[in-house]
Structure formats: structure tokens, C-alpha cells
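Have a look at the structure below before the remarks.
These figures come from a predicted structure and were not determined experimentally. Below, read A as the first sequence line, B as the second, and so on, with proteins coming before strands; counting in each chain starts at 1.
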Amino acid sequence: MKKATIAAVLTASALVLTACSGGTDSNTESNGSDASSPDLNIGNFLDITSWDPSLADIGFDGPYLSAVYDPLVALDADGNPIPALATDWEVSDDFLTVTMNLRTDAKFSDGEVFNADAAVASLEYLKAGARSGEAYLNVDSVSAVDEDTIEFDLTQRDDTLLYFMGLGRSYMVSPAAISAGSLATTPVGSGPYTLDAATSVPGAEYHFAKVADHWDAATYTFPNLAIFPIMDATARHNAMLSGQINVNFAEPANIPQAEQNGWTVTSKVSGWVGLQFTDQTGDKFEPLGDERVRQALNYAFDGAAILDSIGSGAGEVSNQVFPSGSLGYDESLNGLYPYDVDKAKALLAEAGYADGFALTMPMSPIFQTWQAVAEQSLAAIGITVTWDDMQMPDYQINAPTYPVFISFLAMDSNPVATVARQVTSTQWYNPTPAYAAFPDVLAAVDTVHTATGEEQIQATADLNKLLTEKAWWSVWYQSANTYFGADDITVTPVTGMMFPTLRYIQHD
Amino acid sequence: MLRFTIKRLTSGIILLLAVATGTFFLAHLAISDPTAGLLGTTATPAQQEALAVKLGLDRPLLVQFWDWFTHAIVGDFGNSWRNFQPVTAQIALKLPVTLSVVTFATIITAIVGTAVGLISGLRPGSLIDRIVKASTVVLFALPGFWVSLVLVMWFAVQLKWFPAVGYVQPGQSMEGWLRSITLPAVALAVGAIVAVAEQLRNAIVTVNKQDYVRTLRSRGLPQHRIILHILRNASPAALTVLALMFVGLLSGAIVVETIFSLPGIGQLTNSSSQIGDIPVLLGITVISVVFVVIVNFALDVTLGWINPKARVR
């Protein structure tokens, strides 16, 4: 057995995190509440997708789900898997078996105990789930070895399994609630809080009661919790100003006022904005098969100006899809495509498109913010765009049938997950991954998938360089999410989570 | 009066049927495949197909319509595609929020609008009348969202008298409920008040000049009795505006619900249309049309009762 992921290091990270929460503080009461800790009132952007973790969306569901459920695996702030209900795990030498040890002191809110059987039932449920299933595509089966050990049998090596589990795909649910089919409306987990349905108003505010003897009470010190889904940014800011909420998914434009009020301000890149190409081979749309055309589409956009004017400056100018500052990211690549219309035109001419070409692209209300700049920038190098208008659900179905479309795609803090989601795996935005058609890209991807440790990280950086040079995408900038916290509350952003889980909202 | 009532009811029902049928087919044509929106982009084609079968989307559209229609006429709008809960239950949860705000706004409008209209109408050309006329133009032109934001900044953020966002159920706290709907209702009422006041003022000025009022005065009738007579004759115009306002406020509530983050019909419409939850959208449409029909019917009957000549229309 090769210990690919050893719990000792991970437990240490977890301890660092829990230490921040004041777990050893003399103020800590027996139920884990910090006597000096205020109530936590979160202003979230979206309402919960579903209380059923198999149907929930990871994006903005983090605070809701992490309140009522415990995950098997969590993530540290850099996106590395850390223990939660699973205390440690081992990956076999052939990478096809993952064995996990489980806690024995967790209990579901309906009184059922958490054990290996419950974990297997939850994982089978999550594997079959329309949304949660994405994490377990390579899991053949999960079985209970003994009362506190489970084993995953994989069909092929999967370095992203633990990351996706930690991202919000391993919430354990009561087997009784699975049988009852009631999770969508009544969550039954072993989390640090329980939903108070009597005082909650669906769609407006959710109130939670603290679980007195939660096994990880030291991490969750807020005596009371409420989450308000407020879509309108001004309304959220006003709610923060009036004191109704003390944590906000914030607008960068309000940062000066936040600083004036003494609030904590944190931010981190969360997604990249630019053009997604679905046809690097040119099968659907010939010009796109020419590397020079794709490079011209990189030179044609003034990322810094777009970030400033449309993105309120919240983010990093970059032309890569690996998050700024993360493993695999290469700062030196950012100088590859400076804004240069002449260079773009010259490249198009070299490729045989001196007069440009006509392009049809899809458009939905969400992407209208960038429509004008896209049209103008493309027109400047002779590309005329015809827009097909559609609503968002239709956009997700139809956009990938176009060779090019404007996208805002979430990024992952785990480099192998980035390779999977942006390059190799079939996604709605990447229906026919083209990497295998390019021998050099295929070889680089294979290296990522066979290497381990530092070598694997270097391999992802090499792949990033190769793909950026090949202009696999036209990335304009990486957009950051911003969070405000009042009363010495700090939100630690995690790339991959649009709103971090409760573990990352702490009272200083 | 009976024939008049039956005629009004019949036209209301025909309108309801036409709108419901039109909305059904338009919604199904506009959203090509709701399963992707409902299950998310990670769902497999097999999971999408299974959901389509579960929702009955594999049947011909006419069959789906007949099934929906026969259930809808007895008040069963089926289940939401998002959470499989009955649509009626969801609307029942959200409608009181919107109705609380809109009804409160209408009451404020009726009281303040009548008072202002009466005061300025009885003394046309006076200082008060001129002030009212001037402010009418300004207030009516103010966008609802701007008024809302000013109210929030002043009364919620600065003075902290009212909450900036959220809704409290009356069952939890009557005071909390009133506080949570006051600012949204006032925001909605501002424009409506001036419209009602303006109509009433003009009607009062006209009625006040009529011969029978002069006759009443010459007979020495007390002023408050005369005002009652004037009001009764001047009210049809104001009532019509008030009824139209009520219906208009229902749709205006969407903006206010967003700004005050109220879980009402507006928000439900917004979130359901984003993911293509057609049963919920259809339920909301039918309920809204029912409201429009009821309000118009009540208005017609009231006007007919006040003024028998109106029944001839």
C-alpha cells in the first residue's frame, strides 16, 4: 500500500484551521460556542438549489449544506483534501482502491448513528445523483470493510475524486431520510447546525439551531446562524449596512465603503472570462482549426480594460485557465498575448483570412455585459458577428453547438481537476474534448495522469504552457469573488466554491 | 343587475381561458428542453430522459395540455418541476407576501390619495392645491426602484426603524410583519397615491360646480353631508384608478420584492423562469389573471351600484 494521501499532514492543516476558530480559547463554552462570538447572518447570492445533496449545486449552496451536513472529506483553503467525517485515507499502489477510516462519534439529526453502512448508503445515493454523480464517475463500487472503514473501487485512476468530494460532493445523509425520499425539503445530516423550519421562510431566510454536542463544535463557534438569499447586490449591501447581515457576497464597487466601516474584505479568483472554443480541430468551423486564428483572437482583446470597465477591477489579468497563484499557474505566460490589433490582423492574414470572416455566436441575458466589447474587438480585426439570442437554460444546451461562445467558467484550485474540467472531460461547455487530436497535447495530458507528487504538478504547468501557447481558449481575465465580514468575521475564499462552506467563515 | 353581472363574469372566464391556453403553448415553445436546466449540466442523458418521462414531457403537447387543463380548472396546477412540490402549495406560500404588500399599498393609496384629492379638489387654485399639483408631476415620474432605495437608505440603514430586507410571517410576529411590509408598501404607494389624488381632485372640481351641489348648499345642508354627496359622485374615476393601480402594483411588486428581498410571487416568477419551471409559471399566470378578473369584476359591480347608468355599458 502506498500512502498517496496521508492524514497526518492533513490533520495538521485541519488543526491549524480549527485553531483559528478559537477551539482552545477559554471563552469556548461546552457546546463549542464562543461566548464572544456574534450570531452569524450570511447574505448569500442565491437561494439553495436543493437540500438534497445529490441534487444541490456546489456554487452558492456551500453555506446552506455545510450547516446541516458533514462531508466525508473537506478542502483546505488551497483546495487540498482534508479529513472531516473520514479521518484518513490510503490510495493503493495501482490507484484503483481508496480505503477510508471514519469517525465513530457523529450522529444524524434524526438520531441515527453515522457508520460505514451509512456512509456506503450515502455514497451510493450521491453516485446516482444527477448533480453529485459527477464526482464518482470512476467509482465502480463502495463497500463497508468494517464498522468504521469503507473502500472505493475505481474503474480507473482518478486524482480528482477526493477534491470533488471535498468541494461539496461527499455530504453524508441519514439512510432513513434517503429511504423516505424527503431530503429535498427536510435535510437530515450530522452537521453543526439543524434547519429551524418553523422560523425559516423559504426563499427569504433560513434559521439554524446549533447542535450542542457536535464532534467538530470547535470549528463552528457561532451560537446562531441565519442565511439570507438576496439576489440583488444593492439589497445585500443595504442589509449589511443596516446590520441585518454580517457576512456578504459583495460587490467590488462597495470595497471603499466596507473599508471605511472597518469590515474585513477578502477576495480570490473564481472563474475565467473570455471565449470558449469548442472546435480546436476546425471540424465544425475551419478558421478555428488554425492556431494563428486562435492566437489572433487572443491578441484582439484588451483584457485589462475589460476587467477594469466591466469587472470593476476585481480579478487578475491573465490568459490562462489555471487560477492565479495556484499550482500549475505560470505567471510568465501572461505576457504571451498583449493587446495588439495589428498583430492579430497580421496573424489572420497569415492564416489566409486577411479580410476576416463571419461568425455566429449565441447570446443570453447573463452574457450581454460582454456582448458589446466582444462585437467591437472582433470587428476591429475584421470578424463580423451575428448573435443568436436565447434564454440561459437554452444557452447551456445550445452554446456548445457553436464553435465559439462567450463564457464565464468556474475555476478549480486543484490542478488535476483543472485539467479535467477545462480540457479532458466532457462538460456542457466542452462537449467533444479535442485534446486527443493533438499528439503533443495528448502526451502532456498523459504525463499529468501518470505522474505523482511534484512531477505531476510540473506536468500540469507544462500542459498549461502548451495549451496557452496553442491558444486553446481566449481568456480575457480571471474574475474574483469578494466577501465582506463585520464584527471581526473573516471569510476565507476557496477557488472552486463560489461561496465557501461555513468552515471558512470564522470569528477572529 | 343580474344580467350585467353574468355578462361580466362570462367575459372574465373567457379571458382567463384564452390567457391560460396561450401561456401554456408559448411557455412550451419558448423552453425547448427544461431537463438540462432542472438537473444541471452534469446530468447524464439517461438521467435527463428519466426526468422527462417522470414529468410527462415525452407525451404529445396536446395531451400534456389537456391533462394540465383538466386539472387546472379544479385548482390543481400539478407539481413544480424543480422540487416536485404542489404548485398550489408554493403559490399559497408566496402569494400572501405579495398580497400583504400590495393590499397595504392600496390601503395607503386609498386613504392618502382620497385625503389629498379631497383637500385640493375642494379648494382648486389654493396654495395646497398648487403644491399637490406640482408634487404630483414629480412623484409620479419617480421610478419605483429609486423611491425604494431612498426609503431603505433613510429608514432602514440610517434610522434602523424598519428592516432593509426580508419578510416576517404574521404568525410569527404581527409587529415584525407590519415592519417588514411597510417600506415596500410605501414605495409602491407613492406613485399610486398621486394618480388617485389627481383623478379625485379633478372629479371633485367638476362635481363641485354642478347645480345640485349649489342647490344642496342653498338648502343649508351641513358641509360634511355635502362633501359625502360630492365624494359619491366623484368617486367612480378614483375607484377605477385605484383598481387599475391594484392590478398594476401586482406586477410592480416584482421590482420591490427584489430590492427588499421579499419571497413573493415576483421572486417565484423570476426564479421559475430562470430554470424553466413551467407548471409554476402557468400557476402564477392563472392566479394573476384570476385576480385581474376579480378586481375588474368588483370594480364594475361597484360602479354599477354607485351609478346605474354604468350598467348599460
Side-chain angles (χ1 to χ4, degrees), chain A residues 41 43 46-52 55-59 128-135 137 169 181 184-185 198-205 226 228-232 234-245 365-366 390-398 400 425-429, chain B residues 30-44 46-48 50-51 82-85 90 93-94 97 145 148-149 152-153 155-169 171-173 180 255 257-264 267-268 270-271 273-277:
Chain A
N41 298 309
L46 291 181
D47 193 7
I48 180 152
T49 322
S50 172
W51 287 107
D52 179 343
L55 293 172
D57 202 0
I58 292 175
R131 280 200 163 94
S132 56
E134 64 161 345
L137 291 176
R169 290 298 180 214
T185 48
T199 56
S200 297
V201 184
E205 52 189 78
F228 300 78
I230 308 173
M231 273 191 84
D232 188 67
T234 312
R236 276 199 313 280
H237 188 61
N238 286 337
M240 184 95 181
L241 286 170
S242 73
Q244 261 182 287
I245 58 172
I366 292 179
M390 53 191 78
Q391 289 304 309
M392 198 53 203
D394 282 343
Y395 192 84
Q396 292 201 326
I397 298 168
N398 296 316
S425 70
T426 305
Q427 304 281 348
W428 73 266
Y429 48 84
Chain B
I31 299 168
S32 54
D33 179 7
T35 57
L38 294 165
L39 284 178
T41 48
T42 52
T44 61
Q47 284 167 330
Q48 290 184 356
L51 179 67
R82 172 168 38 190
N83 51 24
F84 307 111
Q85 300 297 306
Q90 294 203 32
L93 201 69
K94 310 281 182 181
V97 182
F145 74 89
S148 305
L149 288 177
V152 172
M153 286 313 293
F155 293 102
V157 174
Q158 296 292 331
L159 297 171
K160 297 195 183 350
W161 289 353
F162 299 98
V165 294
Y167 176 75
V168 179
Q169 284 159 328
Q172 266 177 39
S173 153
S180 69
V255 175
E257 279 174 20
T258 306
I259 292 170
F260 292 94
S261 192
L262 297 171
Q267 268 201 357
L268 185 64
N270 207 359
S271 61
S273 59
Q274 268 171 17
I275 58 154
D277 194 343

Report task. Over all heavy atoms of both residues, which pair between M153(B) and L241(A) is shortest? Give the atoms and the distance, please. Result -> CE-CD1, 4.4 Å
**Report entry** Which atoms of L159(B) approach chain A - backbone, side chain, both or neither, heavy atom under 4.5 Å
**Finding:** neither
Query raised in the report: Where does Q85(B) contact chain A at under 4.5 Å (heavy atoms): side chain, backbone, both or neither?
Result: side chain
Query raised in the report: About how many Å separate CD1 of I230(A) and CG of L262(B), when rounded to the nearest 0.5 Å?
Result: 10.5 Å
Query - Least distance between heavy atoms, P202(A) atom then L93(B) atom - result: CG-CD2, 4.0 Å
Query raised in the report: Which heavy atom in A204(A) sits nearest to a heavy atom in S261(B), and how many Å separate them?
Result: CB-O, 4.4 Å
**Report entry** pair N238(A)-I259(B): side-chain heavy atoms closer than 4.5 Å
**Finding:** no
Report task. Determine the option with the most heavy-atom pairs under 4.5 angstrom with chain B, choosing from G43(A), P365(A), G129(A). Result -> G129(A)
Requested in this report: With rounding to the nearest 0.5 Å, note down the distance linking CD in Q47(B) to CZ in R131(A).
Outcome: 11.0 Å
Query raised in the report: Most heavy-atom pairs under 4.5 angstrom with chain A, which of A164(B), A156(B), A50(B), G171(B)?
Result: A164(B)
Report summary line: Answer key: most heavy-atom pairs under 4.5 Å with chain B among T199(A), T49(A), T234(A), T426(A) is T199(A)
Report summary line: What one should report as the nearest heavy-atom pair of V165(B) and A239(A) is CG2-CB, 3.6 Å
Query raised in the report: For V152(B), is it the side chain, the backbone, both or neither that has a heavy atom under 4.5 Å from a heavy atom of chain A?
Result: side chain
